[in-house]
Amino acid sequence: MSNMNFHTFDHFSALSDALSQQWLDIIQAAPEGSSFALAGGSTPAPIYQRLDDLLAQTSQRHPIKLVATDERWVSDADQQSNEGLFRRCLQKSAQKKNWQLVSLKNASNSPEVATAAIDDRLQTQLPQAFSAVLLGMGADGHIASLFPGAPTQHDNLTCLAAVHPQTRQSRMSLSLPRLLDTQRIWLVITGAEKRQVLEHAAQNNLPVAALLREAACDIDVFWCP
């Protein structure tokens, strides 16, 4: 099992400042460019907005590459779209062409139909290990769109189609092996309930437990109440 390094903050703004500065340091230390897989949802949005401010003040020879850890099969204009979230939160740095998005979507009518094509895109545009993967975690222990009791990979592909167990919403997710192909993992969680889930993950057959068990790098946990 990988080592978990806990970073505790009194409030989320302090967490956002610390993680975004660490993120910027990685970007600036990689002159040939770096790549990151990012969680969606409302929780990490302040982190992306803070990084946007920092990136807008810097000059980069090579843009970083970003990909969502998972994406709902909706248009970017939909408020539930993670890729749309990145575009909204990173507008200033987008104007400076500081980043490029590798999309988990195409024009297919379902993720199942698109899986092979998206895998080919990921293999071509993101062939190397990520510089870092930023993940959230649900109260049920899911990460990306890898839900309890569901597959965490499909054949040898870097992505797989997924369905939310309650809403039945269609999604595309990076596979667990692709998430683990990274130099570092940032896990951002809030509240006592999720911290307890994480601390007891090894005793349960949850996706986050597989992440902790199989990661070859340390996992930095950023937590606030």
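We number each residue from 1, following the sequence as shown. Here the structure is a predicted model, which means the values were calculated and not measured.
Here the side chain of D78 pairs a donor or acceptor atom with the backbone of Q80 at under 3.5 angstrom. The backbone N or O of T58 lies less than 3.5 Å from a partner atom in the side chain of K96, making a donor-acceptor pair. Of the possible donor and acceptor atoms, none in the side chain of S81 sits under 3.5 Å from a partner among the backbone N and O of A77. Here the side chain of R87 pairs no donor or acceptor atom with the backbone of A94 at under 3.5 angstrom. Without hydrogens or angle criteria, N106 side chain to S108 main chain gives a donor-acceptor distance under 3.5 Å. At distances below 3.5 Å, at least one donor-acceptor pair connects side-chain atoms of W223 with backbone N or O atoms of G191. Side-chain atoms of E83 come within 3.5 Å of backbone N or O of L104 as a donor-acceptor pair. Side-chain N or O atoms of D119 include one that pairs as donor or acceptor with a backbone N or O of T158 at under 3.5 Å. In this structure a side-chain-to-backbone donor-acceptor pair under 3.5 Å is missing from K65 to L101. In this structure, the side chain of N82 engages the main chain of D70 through a donor-acceptor pair within 3.5 Å.
Contact of the C224 side chain with the H11 side chain is not registered, since no non-hydrogen atoms from C-beta on lie closer than 4.5 Å. A 4.5 Å side-chain heavy-atom check between S145 and H164 finds every atom pair outside the cut-off. The side-chain heavy atoms of L134 and V188, taken from C-beta on, include a pair separated by under 4.5 Å. Using a 4.5 Å heavy-atom threshold, the side chains of H7 and W186 count as separate. Side-chain atoms of L19 and F9, non-hydrogen and from C-beta on, never get closer than 4.5 Å to each other. For the pair I27 and H62, the minimum side-chain heavy-atom distance is 4.5 Å or more. Put simply, the side chain of L198 reaches to within 4.5 Å of the side chain of F6, judged on heavy atoms. For the pair I185/C217, a side-chain contact is recorded, criterion being any heavy-atom separation below 4.5 Å from C-beta on.
Expressed to the nearest 0.5 Å, how far CD1 of I143 lies from CG of L187 amounts to 8.0 Å. Note: L15 CG to I47 CD1 = 5.5 Å, rounded to the nearest 0.5 Å. Of the inter-residue distances, the one linking Q95 atom CD with L55 atom CG reads 13.0 Å to the nearest 0.5 angstrom. In this structure, L122 CG and R178 CZ are separated by 7.0 Å, a value rounded to the nearest 0.5 Å. Distance check, rounded to the nearest 0.5 Å: CG of L176 to NE2 of H154 gives 15.5 Å. Taken from CZ in F36 to CH2 in W23, the straight-line distance is 7.0 Å, to the nearest 0.5 Å.
The hydrophobic clustering, which links ILVMFWY residues whose side-chain heavy atoms are closer than 4.5 Å, places L135 and V67 together. Residue M137 is not grouped with residue L85 when hydrophobic side chains (ILVMFWY) are merged at heavy-atom distances under 4.5 angstrom, including chains of intermediate members. Cluster membership for W99 and V102, using ILVMFWY side-chain heavy atoms within less than 4.5 angstrom, is not shared. In the hydrophobic clustering of this structure, F147 does not group with L160; members are Ile, Leu, Val, Met, Phe, Trp, Tyr whose side-chain heavy atoms approach within less than 4.5 Å, directly or through other members. Residues L180 and L126 are members of one and the same hydrophobic cluster, defined by side-chain heavy-atom contacts under 4.5 angstrom among Ile, Leu, Val, Met, Phe, Trp and Tyr.
D25 and Q21 are linked by a side-chain donor-acceptor pair at a separation below 3.5 angstrom, with hydrogens and angles left out of the test.
Residues satisfying the salt bridge (Lys or Arg N to Asp or Glu O under 4.0 Å) test with K92, not counting sequence neighbours, are D53. With sequence neighbours left out, the ring-ring contact (aromatic ring centres under 6.0 Å, His included) criterion links F86 to Y48.
Across every non-hydrogen atom of P148 and L206, the tightest pair is CG-CD2, 4.2 Å. When every heavy atom of L146 is checked against every heavy atom of S173, the shortest pair comes out as CD2-OG, 3.6 Å. Nearest heavy atoms, Q60 versus P63: NE2-CA, 4.1 Å. Pairing each heavy atom of Q91 with each of D52, the nearest pair is N-OD2, 3.5 Å. When all heavy atoms are compared, the tightest approach of A37 to L174 is CB-CD1, 3.9 Å. Taking all atoms of both residues into account, the shortest heavy-atom contact from M172 to P111 is CE-O, 3.5 Å.
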Next on the checklist: If you apply the rule side chain to side chain contact (heavy atoms under 4.5 Å, CB included), what do you find for I118 with R121, and how did you get there?
Outcome noted: CA-CA 5 Å; I118 299 302; R121 178 186 294 166; 3.5 Å; yes

Next on the checklist: Run L211 and I219 through side chain to side chain contact (heavy atoms under 4.5 Å, CB included) and show every step you take.
Outcome noted: CA-CA 9 Å; L211 179 84; I219 298 177; 4.2 Å; yes

Item to check | Worked verdict on T115 versus C159 for side chain to side chain contact (heavy atoms under 4.5 Å, CB included) | outcome: CA-CA 7 Å; T115 305; C159 58; 4.0 Å; yes

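Look at D220 and R184 and you find no salt bridge, because none of the NZ, NE, NH1 or NH2 atoms lies under 4.0 Å from a carboxylate O.
Other residues, nucleotides and ligands contribute only 12 or fewer heavy atoms inside 6.0 Å of the CD atom of Q128. Under a cut-off of 6.0 angstrom, the local environment of CD in Q169 is crowded, with over 12 non-hydrogen atoms contributed by other residues, nucleotides or ligands.
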